[in-house]
**Student:** 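One structure follows; several queries about it will come next.
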Amino acid sequence: MNKDALLRFLRDGKEMTLSNQINLVALLSFPAILAQLSSILMQYIDATMVGSLGAEASASIGLTSTTIWLFGGLCTSAATGFYVQVAHLIGSKNLVEARNVLRQSIVTTTLFVLTLTIIGLALSPFLPTWLGGDVSIRHDATCYFAIFSATLPIVQLKTLAGGMLRCSGNMKIPSMLNILMCTLDVIFNFIFIFPVREVNILGVHVTLYGFDLGVVGAALGTSLSVIVTCVLEWYFLLFRTPELDILKESGIFKPERKNIRIWMKVGLPMGMEHALMNCAQIASTFIVAPLGITAIAANSFGITIESLCYMPGYGIMEAATTLVGQSIGAKRKELADSFAKITIISGIVIMSLMGVLMYIYVPEIVMIMTPDLAVRQLTTDVLRIEAWAEPMFAASIVAYGVFVGRKTVMAPCLLNLFSIWAIRLTLAWWLSRDYGLKGVWFAMCVELCFRGMSSLILLKLKQNK
């Protein structure tokens with residue numbers, strides 16, 4: 001039975017066997033996982049291409065990466081507050097209201113992201129200095145963050161369109177477009193990062209033209225790939241998604257109080273959590289920055305490589321949000337709880353396997369990304385520490401998606417904030433004095449294990465109410 005038929009079973013209140021549920025989770029999770037992995041591949045490509053320019057180039061991007069996550073997380077929170085409403089409305093088959101929520105989300109999130117863009121551009125000249133970056137990397141770090149900030153409106157619109165497509169049950173199109181984005185990123189990076197050069201392809205000498213922009217070129221390449229993908233996602237949302245085709249009828253674009261209230265109920269706690277979590281990440285940058293350029297570069301490579309392990313969890317989390325949200329909208333609480341259990345177990349199994357593979361093959365992976373031997377060794381050491389946290393990290397990721405689908409995000413947000421501020425940062429600051437970057441990553445491992453176990457306990461308590 002295909003995905004659409006199974007989703008109709010869910011919305012129409014028909015009985016779904018365990019086999020049907022597992023099949024639906026797999027059908028929604030696989031494209032989402034593929035999309036997340038393609039996104040990570042794009043980060044690998046960026047890191048490898050920039051890494052070939054030396055440790056300073058890698059460090060200049062790594063320095064502002066946590067601030068970029070902060071702004072990206074705020075865009076995600078703004079979009080989530082609307083598309084989780086759409087998941088519930090589609091589950092209850094109230095498609096007219098679902099389309100109105102989409103219209104109002106465009107207006108609200110656009111106003112929100114324009115504010116973020118202005119703030120980002122204003123901060124870009126000062127941010128690398130505030131983060132304690134070495135003088136040699138500040139200029140490139142400023143340029144990279146400024147270009148990212150200028151592209152934020154497109155990032156916001158892309159996030160909104162992708163979330164709406166997924167909550168309608170369409171995981172395939174966002175996945176395919178993320179793969180396209182990855183491909184375009186490679187092409188644009190080759191054009192913008194490197195100079196004109198001669199290469200030998202199967203015995204044929206070919207001239208590859210480039211602008212030799214280095215770190216700036218990496219930012220431009222990524223931004224252009226995001227722009228192209230955003231346009232295509234909106235095309236599929238507006239012209240190929242019947243449930244959310246807002247062009248075929250008139251509707252309400254002016255944000256309504258009831259929808260803004262739900263948006264704030266979901267998006268505001270998530271936004272505050274993203275802000276404080278990423279402030280914690282920025283605080284961790286203050287801990288790592290004094291450890292030297294090698295530590296900054298290794299930390300950046302480590303974060304990029306580890307994402308190969310945890311991004312499948314985020315793919316399953318998206319499926320969990322869609323399935324739990326639509327089940328709640330269809331007034332099927334037991335089915336929502338069943339989907340929560342299946343997705344969490346799936347996430348733990350897959351990320352545990354990815355952790356084992358990372359532990360074994362990380363030396364080979366990091367060898368591809370940088371020629372610096374000291375950076376290679378330190379990256380390998382910290383990732384082998386982090387591999388032990390992957391099972392519980394999976395539990396925290398997917399459980400969060402379940403909470404979002406239930407529109408009960410305040411408690412998990414507070415839990416996550418306590419975990420990272422009270423445990424990770426305190427332990428990282430203490431251990432970094434004697435163990436350097438390894439101590440920072442050991443603290444991260446301990447905190448993720450605590451967060452995962454606590455998330456499972458919290459979810460069980462919420463389900464029993």
**Student:** Check whether any side-chain heavy atom of Ser346 sits under 4.5 Å from a side-chain heavy atom of Ile342, and report yes or no.
**Tutor:**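 Touching, per the 4.5 Å side-chain cut-off.
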**Student:** Atom NZ of residue position Lys254 - does it have more than 12 heavy atoms of other residues, nucleotides or ligands inside 6.0 Å?
**Tutor:**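 No, NZ of Lys254 has 12 or fewer neighbouring heavy atoms, counting only those of other groups under 6.0 Å.
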**Student:** So, do Val404 and Met317 sit near enough that their side-chain heavy atoms are less than 4.5 Å apart?
**Tutor:**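 Not in contact.
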**Student:** With the side chain counted from C-beta on, respond yes when Val86 and Glu243 share a heavy-atom pair under 4.5 Å apart, and no when they do not.
**Tutor:** no
**Student:** Under the ring pair (Phe, Tyr, Trp, His ring centres under 6.0 Å) test, which residues partner Phe112, sequence neighbours left out?
**Tutor:**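 Applying ring pair (Phe, Tyr, Trp, His ring centres under 6.0 Å) to Phe112 gives none.
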**Student:** Would you find a donor on one side and an acceptor on the other, under 3.5 Å apart, between the side chain of Thr109 and the backbone of Ala79?
**Tutor:**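 Judged by distance alone, no pair lies under 3.5 Å.
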**Student:** Quick one: CD1 on Ile22 to OG on Ser19, what's the gap to the nearest 0.5 Å?
**Tutor:**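 One finds 6.5 Å between CD1 of Ile22 and OG of Ser19.
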**Student:** Kindly say whether Ile296 contributes a backbone atom to a donor-acceptor pair with the side chain of Ser300 at under 3.5 angstrom?
**Tutor:** no
**Student:** If you count the non-hydrogen atoms of other residues, nucleotides and ligands that lie under 6.0 Å from CE in Met272, is the total more than 12?
**Tutor:**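 Check fails, neighbour count at 12 or below.
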**Student:** Lys258: what forms a salt bridge (Lys or Arg N to Asp or Glu O under 4.0 Å) with it, not counting sequence neighbours?
**Tutor:** Glu97
**Student:** Can Val440 and Val288 be said to form a side chain to side chain contact (heavy atoms under 4.5 Å, CB included), step by step?
**Tutor:** CA-CA 8 Å; Val440 174; Val288 172; 4.3 Å; yes
**Student:** For Leu458 and Pro412, which heavy atoms make the closest approach, and how far apart are they?
**Tutor:** CD2-N, 3.7 Å
**Student:** So Leu425 and Ser284, do their side chains get closer than 4.5 Å, heavy atoms only?
**Tutor:**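 Counting from C-beta outward, Ser284 and Leu425 do come under 4.5 Å.
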**Student:** Before giving the answer on side chain to side chain contact (heavy atoms under 4.5 Å, CB included), spell out for Ile305 and Tyr361 the whole-Å C-alpha distance, their side-chain angles and the decisive distance to 0.1 Å.
**Tutor:** CA-CA 11 Å; Ile305 294 171; Tyr361 294 109; over 6 Å; no
**Student:** Output every pair passing side-chain hydrogen bond (donor to acceptor under 3.5 Å, both in side chains) with a member in residues 440-458, not counting sequence neighbours, ordered by first then second residue.
**Tutor:** Asn299-Trp441, Ser419-Glu447, Arg424-Glu447, Glu447-Arg451
**Student:** Looking at every heavy atom in both Leu114 and Pro153, which two are closest together, and how far apart are they?
**Tutor:**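 The pair with the smallest heavy-atom distance is CD2-CG, 4.3 Å.
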**Student:** Taking the side chain from Lys462 and the backbone from Thr408, do they hold a donor-acceptor pair closer than 3.5 Å?
**Tutor:**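 Such a contact is absent between Lys462 side chain and Thr408 backbone.
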**Student:** If I take atom CD from residue Gln156 and atom CG from residue Leu74, how far apart are they, to the nearest 0.5 angstrom?
**Tutor:** 9.5 Å
**Student:** Tell me, which pairs form a ring-ring contact (aromatic ring centres under 6.0 Å, His included) where one or both residues lie in residues 145-189, sequence neighbours left out?
**Tutor:**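 Sorted result for residues 145-189: Phe71-Phe145.
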**Student:** Can you pull out every ring-ring contact (aromatic ring centres under 6.0 Å, His included) where at least one residue sits in residues 234-256? Sequence neighbours excluded, please.
**Tutor:** Tyr235-Phe239
**Student:** Could you measure the distance from the CG atom of Leu102 to the CG atom of Leu95? Nearest 0.5 Å is fine.
**Tutor:** 12.0 Å
**Student:** For residues 24-32, dump all side-chain donor-acceptor pairs below 3.5 Å to protein atoms at least two apart in sequence or in another chain.
**Tutor:**
residue : atom : partner : partner atom : Å
Ser29   : OG   : Val25   : O            : 2.7

**Student:** Tell me if the CH2 atom of Trp430 is crowded by more than 12 foreign heavy atoms within 6.0 Å.
**Tutor:**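 For Trp430, atom CH2 is not crowded (no more than 12 foreign heavy atoms under 6.0 Å).
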**Student:** I'd like to know if the side chain of Gln21 pairs up with that of Ser338 as donor and acceptor (distance under 3.5 Å, no hydrogens or angles considered).
**Tutor:** yes
**Student:** Are any side-chain N or O atoms of Asp337 and backbone N or O atoms of Phe339, one a donor and one an acceptor, separated by less than 3.5 Å?
**Tutor:** no
**Student:** Quick check: does any side chain N or O of Gln326 sit under 3.5 Å from a backbone N or O of Arg11, one acting as donor and the other as acceptor?
**Tutor:**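 No; zero donor-acceptor contacts below 3.5 Å.
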**Student:** Test of understanding: with side-chain hydrogen bond (donor to acceptor under 3.5 Å, both in side chains), list the residues that count as partners of Glu334, not counting sequence neighbours.
**Tutor:** none
**Student:** Would a distance-only check, ignoring hydrogens and angles, find a side-chain to backbone donor-acceptor pair under 3.5 Å from Asn100 to Ile252?
**Tutor:**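 The answer is yes, because a donor-acceptor pair under 3.5 Å joins these two groups.
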**Student:** side-chain hydrogen bond (donor to acceptor under 3.5 Å, both in side chains) with Arg406: which residues, sequence neighbours excluded?
**Tutor:** none
**Student:** Answer yes or no: is there a side-chain heavy-atom contact under 4.5 Å between Cys167 and Val84?
**Tutor:** no
**Student:** Holding to side-chain hydrogen bond (donor to acceptor under 3.5 Å, both in side chains), I want the full list of residues that pass it with Glu273, two or more places apart in sequence or in another chain.
**Tutor:**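 Applying side-chain hydrogen bond (donor to acceptor under 3.5 Å, both in side chains) to Glu273 gives Tyr400, Asn416.
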**Student:** Calculate, to the nearest 0.5 Å, the distance between atoms CG and CD belonging to Leu177 and Glu233 respectively.
**Tutor:**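 Result: 5.5 Å between the selected atoms.
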**Student:** Please determine, by modelled atom types, if Thr17 and Asn20 share a side-chain donor-acceptor pair under 3.5 angstrom.
**Tutor:**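 Judged by distance alone, the side chains do pair up.
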**Student:** Counting C-beta onward and ignoring hydrogens, is there a side-chain heavy-atom pair between Leu131 and Thr67 closer than 4.5 Å?
**Tutor:** yes
**Student:** Show your working on side chain to side chain contact (heavy atoms under 4.5 Å, CB included) between Glu306 and Tyr310 and close with a plain yes or no.
**Tutor:** CA-CA 7 Å; Glu306 192 217 353; Tyr310 64 68; 3.6 Å; yes
**Student:** Rounded to the nearest 0.5 Å, how far does CZ of Arg332 lie from CG of Leu10?
**Tutor:** 6.0 Å
**Student:** How about Ile246 and Ile106: do any of their side-chain heavy atoms sit closer than 4.5 Å?
**Tutor:** yes
**Student:** Which heavy atom in Pro312 sits nearest to a heavy atom in Ile33, and how many Å separate them?
**Tutor:**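 Heavy atoms of Pro312 and Ile33 come nearest at O-CG1, 3.5 Å.
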**Student:** Give a yes or no on whether Glu15 atom CD has more than 12 heavy-atom contacts from other residues, nucleotides or ligands under 6.0 Å away.
**Tutor:** no
**Student:** Report yes or no: does Trp263 contribute a side-chain atom to a donor-acceptor pair with the main-chain N or O of Thr108 at less than 3.5 Å?
**Tutor:** no
**Student:** Okay, side chain of Thr321, backbone of Gly401: is any donor-acceptor separation there less than 3.5 Å?
**Tutor:**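 Side chain of Thr321 to backbone of Gly401: a pair is present.
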**Student:** Show every donor-acceptor pair shorter than 3.5 Å between a side-chain atom in residues 382-396 and any protein atom, with sequence neighbours excluded, or say none if there are none.
**Tutor:**
residue : atom : partner : partner atom : Å
Arg384  : NE   : Tyr359  : O            : 2.8
Arg384  : NH2  : Tyr359  : O            : 3.3
Ser396  : OG   : Phe393  : O            : 2.8

**Student:** What pairs with Ser250 under side-chain hydrogen bond (donor to acceptor under 3.5 Å, both in side chains), at least two apart in sequence or on another chain?
**Tutor:**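 Residues passing side-chain hydrogen bond (donor to acceptor under 3.5 Å, both in side chains) with Ser250: none at all.
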**Student:** Enter the distance from Ile179:CD1 to Met181:CE here, rounded to the nearest 0.5 Å.
**Tutor:**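 Rounded to the nearest 0.5 Å, the CD1-CE separation comes to 10.5 Å.
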**Student:** Go through the structure and list residues passing side chain to side chain contact (heavy atoms under 4.5 Å, CB included) with Ile187, not counting sequence neighbours.
**Tutor:**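 Counting only residues at least two positions away or on another chain, Ile187 forms a side chain to side chain contact (heavy atoms under 4.5 Å, CB included) with Thr183, Ile191.
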**Student:** Walk me through it: do Asp245 and Arg240 pass the test salt bridge (charged side-chain N to carboxylate O under 4.0 Å, His left out)?
**Tutor:** CA-CA 8 Å; Asp245 183 359; Arg240 292 290 186 270; over 6 Å; no
**Student:** For the pair Lys460 and Leu456, evaluate side chain to side chain contact (heavy atoms under 4.5 Å, CB included) and give the outcome as yes or no after the intermediate values.
**Tutor:** CA-CA 6 Å; Lys460 186 67 175 177; Leu456 293 178; over 6 Å; no
**Student:** Looking at side-chain heavy atoms only, is the closest gap between Leu224 and Leu184 below 4.5 Å?
**Tutor:**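 They are not in side-chain contact.
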**Student:** Just wondering, are more than 12 heavy atoms of other shown residues or ligands nearer than 6.0 Å to CZ in Phe450?
**Tutor:**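 More than 12 within 6.0 Å, yes.
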**Student:** Within the distance-only criterion (no hydrogens, no angle test), does the side chain of Thr222 pair as donor or acceptor with the backbone N or O of Ala219 below 3.5 angstrom?
**Tutor:** no
**Student:** Could you check whether Asp4 pairs with Arg8 (Lys NZ or Arg NE/NH1/NH2 to Asp/Glu carboxylate O, under 4.0 Å)?
**Tutor:** no
